[in-house]
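Proteins get letters first, then strands, A, B, ... in listed order; numbering begins at 1 in each.
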Amino acid sequence: MDEQQAQEKHSTLEQILAQRKEKIAKIREMGFEPYPYAFEITHKSKAVTEDFAELEGKSVSVAGRLMTIRRMGKAAFAHIQDTEGRIQLYLSKNDIGDNAYAMFALLDIGDIVGVRGQVMKTRTGEITVKADELTLLSKNIRPLPIVKEKDGVVYDAFADKELRYRHRYLDLIVNPEVKDVFIKRAAILRATREFFDSRDYLEVETPILQPLYGGANARPFITHHNSLDTDLYLRIADELYLKRLIVGGFDKVYEFSRNFRNEGMDRNHNPEFTAIEFYEAYVDYFYMMDLVENYFRSIAEALGTPQIEYQGESIDFSKPFARRTMADLFREYLDIDLAVADEKSFAAWADKRAFEYDPKWNYGQFLDKLFDEFIEPKLQQPTFVLDYPKAISPLAKVRRDGDTRFVERFELFICGAEYVNAFSELNDPLDQRERLESQDRLRALGDEEAQTLDEDFIRAIETGMPPTGGVGIGLDRVIMLFTGQNSIKDVLLFPAMRPEKLS
RNA sequence: GGGUGUGUAGCUCAGCCGGUAGAGCAGCGGCCUUUUAAGCCGUUGGUCGAAGGUUCGAUUCCUUCCACACUCACCA
């Protein structure tokens, strides 16, 4: 007694851990193995409740994590939770035997158990497995957050976002609705793959470690290859590699691309995120617009939700998406005529509206900033925005009507946020070289996000790339949209966090 | 980077005008064979995010720092 037992009475976290380790020893002394190798399950919790009519009185074998325990001397009720839900257990000393019941007395919320027993209904009508046999499958030593619930009201919810993100396993255990988001995420990825596979697209994998980074405007993560003694970059996009494949003769390719961008983090940005890029030879951006529209429609259908609510806006994917040119939108929202506008007139306009700008901005930058500030938030219903300034789109073909200030590029906006970026891909090698050289010059002048000149990519284009339509979609945002989440952290299982300081 | 807010027990939270901390759940010891936020009796558990400062005295006031959230900027 005395010292050790006095110690055991304390219940700081460390003491709780010590107590539970002691329980493991006791359980072994009683002849039970706290960490056995397997357990045969006949029914998931959901199957027991759904098929109750058939199963009543029959023997089933279920397993899961103990989430509630209500002991009443020689009998107890408990709930176990498995992937699909919860089922109540009834354990009585008579049925499982003195020894197993004594072992059960040492169990805690968070332990994983298997039970074989009869399906029944309790006096209050809850479907329950009346245990004949109890098997401990894994003894927990670290206490779970205790979340209680009554009549649909949750008490003491595990709500601290930092803890939820850092210890996602706990979040998944005690906040079951979190699971649904990730199940839906998987469904969206599956539907995406089916969408492209069924259209004869080839799924490909291209390097994540790249000697040069390109295909987007962003700062990269840099790493080092020891045996090559060379720096490599984590890709910011896979665009330039997919185009090489188009050159190589794969006419339709797509890739789920985990991209890495060394930039700010917020509700819409995580340093690593998932895009899908797809390229198709012999088509232009009009064709791709139709494809993208069909893509969103097919995802909505796959999820069985042709209409969704997001941030207070009702979106009906069965309706056609709006298509507006930049010129249109500037005329409508800002009363600016892009055909005659220039830096001076933009500046004058900005002065009038007290909009802060950098006098060094060129035509393209002005247009970009004014669009972001004044037009983007207005685009709530799905809207394709067509024709971006050439200066900010070095990989897109200029407009076919001869207005060389603009390129054939579209972005898709929903609820004021961008989801898709696409071009009629530039396949004129001379033009391409010029544009990337001009990006290179910008970078030399300190624009860290300007694109790099990748000679091998130029060589590929020089080899001859067919006319091609290309699209990138930010999948995390698509998932946010369809799961109703407003932070990217809530659709990533392990969002980026500052490393935890373990003192 | 700026602004706002938060940080107290394993979890969820109180703590007034400064006098070194409370509750519920969990834990521990009991009672209890149809409970379900089970109940009842008893009980342990805290470097009050960190470091300074003011003060006789700081969880409380001030400063700095750290972490997180929200937000703005930057950024797809």
Side-chain angles (χ1 to χ4, degrees), chain A residues 5-20 22-23 67-79 86 88-96 101 105-106 108-110 120-126 128 130 140-167 170 174 215-219 236-237 259 261-271 273 275 356 368-369 372-373 376 392 411-413 417-421 448-449 472-474 476-477 486-489 495 497-501 503:
Chain A
Q5 287 208 351
Q7 277 250 314
E8 276 172 21
K9 284 177 123 184
H10 294 271
S11 76
T12 61
L13 177 57
E14 256 152 51
Q15 295 303 337
I16 291 174
L17 296 178
Q19 281 165 2
R20 295 199 180 176
E22 186 57 32
K23 284 179 175 182
M67 297 303 290
T68 67
I69 303 176
R70 294 174 293 283
R71 300 179 208 272
M72 301 165 299
K74 299 184 181 65
F77 286 92
H79 280 97
R86 289 185 180 190
Q88 182 168 257
L89 306 178
Y90 176 71
L91 301 120
S92 78
K93 201 169 179 175
N94 275 355
D95 297 331
I96 65 171
Y101 199 78
L106 296 174
D108 296 286
I109 287 170
M120 62 143 188
K121 231 177 217 177
T122 61
R123 208 155 59 184
T124 54
E126 182 166 353
T128 298
K130 184 168 177 283
N140 157 299
I141 61 173
R142 188 173 287 273
L144 252 45
I146 305 294
V147 178
K148 302 243 173 181
E149 188 241 311
K150 188 191 187 182
D151 301 331
V153 183
V154 174
Y155 298 83
D156 300 341
F158 179 58
D160 183 309
K161 286 196 174 179
E162 178 179 5
L163 294 177
R164 288 183 46 212
Y165 296 143
R166 284 196 194 279
H167 310 299
L170 290 178
V174 305
N217 298 76
R219 284 186 292 174
I236 59 172
N259 295 332
R261 298 187 184 176
N262 206 341
E263 290 175 344
M265 298 158 60
D266 61 28
R267 187 156 41 98
N268 289 308
H269 300 268
N270 194 68
F273 65 98
E356 277 186 40
D368 196 35
K369 301 284 182 190
D372 283 354
E373 179 72 18
E376 189 173 310
I392 57 170
E411 296 190 335
L412 173 63
F413 293 86
E418 184 212 329
Y419 287 78
V420 177
N421 184 21
E448 290 184 87
E449 277 143 20
I473 303 180
D476 302 297
R477 290 187 186 175
N486 63 17
S487 168
I488 194 170
K489 285 186 164 76
M497 305 279 284
R498 191 180 299 277
E500 185 181 10
K501 277 186 197 147
S503 51

Checking all strands, does [X] fall into the base, sugar-phosphate, or nothing category for heavy-atom contacts under 4.0 angstrom?
X       : result
R142(A) : nothing
T68(A)  : nothing
K121(A) : nothing
A417(A) : nothing
R20(A)  : sugar-phosphate
A216(A) : nothing

To the side chain of [X], which of [options] is closest?
X       : options                   : value
K161(A) : rG10(B), rA69(B), rA38(B) : rA69(B)
M72(A)  : rU33(B), rU12(B), rA69(B) : rU33(B)
Y165(A) : rA69(B), rC32(B), rC11(B) : rA69(B)
T12(A)  : rC11(B), rG45(B), rC28(B) : rG45(B)
D156(A) : rU34(B), rG10(B), rU12(B) : rU12(B)
A75(A)  : rA67(B), rU33(B), rC28(B) : rU33(B)
S92(A)  : rC68(B), rU33(B), rG27(B) : rU33(B)
L163(A) : rC32(B), rC11(B), rU34(B) : rC11(B)
E263(A) : rC75(B), rG27(B), rU35(B) : rC75(B)

When you measure from the side chain of [X] to the backbone of [Y], do you find a donor-acceptor pair of N or O atoms at a distance under 3.5 Å?
X       : Y       : value
K23(A)  : L106(A) : yes
D160(A) : E162(A) : yes
Y90(A)  : K121(A) : no

With a 4.0 Å limit, can you tell me whether [X] has a side-chain N or O closer than that to the phosphate oxygens OP1/OP2 of [N]?
X       : N       : answer
K148(A) : rA38(B) : yes
R267(A) : rC70(B) : no
K369(A) : rC75(B) : yes
R498(A) : rC66(B) : no

rA73(B) P sits how many Å from M265(A) CE, rounded? 18 Å

Does any nucleotide pair with [N] by Watson-Crick or G-U wobble geometry, both distances under 3.5 Å, and what is it?
N       : value
rG45(B) : none
rA69(B) : rU4(B)
rA9(B)  : none
rC16(B) : none
rC61(B) : rG53(B)
rU34(B) : none

Is the closest side-chain heavy-atom distance between K74(A) and N94(A) below 4.5 Å? no

Can you find a pair of side-chain heavy atoms, one from K130(A) and one from T128(A), that are under 4.5 Å apart? no

Take a 6.0 Å sphere around CZ of R142(A) and say whether it holds more than 12 heavy atoms from other residues, nucleotides or ligands. no

Below 3.5 Å, does any donor atom in the side chain of [X] face an acceptor in the base of [N], or the other way round?
X       : N       : value
Q88(A)  : rU35(B) : yes
N94(A)  : rU33(B) : yes
Y90(A)  : rU33(B) : yes
D266(A) : rC74(B) : yes
R70(A)  : rU35(B) : yes

Can you work out whether H79(A) or P145(A) has the more 5'-proximal nearest nucleotide on RNA chain B? P145(A)

Toward the 5' end of RNA chain B, which comes first, N421(A) or Y155(A), by nearest nucleotide? Y155(A)

Any chance the side chains of N140(A) and R20(A) put a donor and an acceptor closer than 3.5 Å? yes

Where the chi angle of rC48(B) falls, syn if within 90° of 0 and anti if not: anti

